[in-house]
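This is a predicted model, so every value here is computed, not measured. Basis for what follows: all heavy atoms, side chains included, without hydrogens, waters or symmetry-related copies.
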Amino acid sequence: QVQLVESGGGLVQPGGSLRLSCSASGILFSNYPMGWYRQAPGEQRELVATITSRGHGSITYADSVKGRFTISRDNAKNMVYLQMNSLKPEDTAVYYCNTAPPWLNDWGQGTQVTVSS
């Protein structure tokens with residue numbers, strides 16, 4: 001079975017940092033590019049960042065997070081990470097991981113990131 005488990009979210013003040021982790025199991029993790037997605041209330045889920053299966057060659061970021069977020073992965077641990085710095089209130093959302101494109105139907109529960117003073 002496929003499992004995607006996100007963690008690391010929380011409440012942080014503007015300008016603060018968080019590191020999100022995603023554990024992916026039940027798939028050949030290293031075969032797939034991975035992405036972080038987020039969804040704020042009343043908004044569609046959007047792609048935040050992607051990383052190729054080998055962790056190099058093609059790393060992309062949404063314009064809104066470029067220069068502030070860093071995606072990385074550890075294929076040996078079936079993990080993908082998102083380091084988020086200089087957080088803004090508009091970063092508030094539930095963050096999810098999935099393949100990129102999101103081929104896995106069973107999204108994880110996501111992890112809530114709230115940026116507020």
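R38 has its side chain within reach of V65: a pair of non-hydrogen atoms, C-beta onward, lies under 4.5 Å apart. Side-chain atoms of I51 and V80, non-hydrogen and from C-beta on, do get closer than 4.5 Å to each other. Side chains of Y37 and Y95 form no contact here, defined as non-hydrogen atoms less than 4.5 Å apart.
Among residues at least two apart or in separate chains, side-chain hydrogen bond (donor to acceptor under 3.5 Å, both in side chains) pairs with a member in residues 104-117 are Q112-T114. Screening residues 9-29 for side-chain hydrogen bond (donor to acceptor under 3.5 Å, both in side chains) gives S17-N85 as the qualifying pairs, with residues at least two apart or on separate chains.
Between the side chain of N98 and the backbone N or O of L104 there is at least one donor-acceptor pair closer than 3.5 Å. A distance-only check finds a donor-acceptor pair linking the side chain of E6 to the backbone of C97 [under 3.5 Å].
Relative to the ring axis of Y81, R73 does not place its NZ or CZ within 45° and under 6.0 Å from the centre.
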Q) For T92 and V113, what are the C-alpha separation, side-chain angles and deciding distance, and is it a side chain to side chain contact (heavy atoms under 4.5 Å, CB included)? A) CA-CA 5 Å; T92 296; V113 172; 5.8 Å; no
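Pairing each heavy atom of D74 with each of F29, the nearest pair is O-CE2, 4.1 Å. Of all non-hydrogen atoms in V2 and G26, the two that sit nearest each other are CG2-O, 3.9 Å.
Taking the salt bridge (Lys or Arg N to Asp or Glu O under 4.0 Å) definition, one finds that R68 meets it with D91, sequence neighbours left out.
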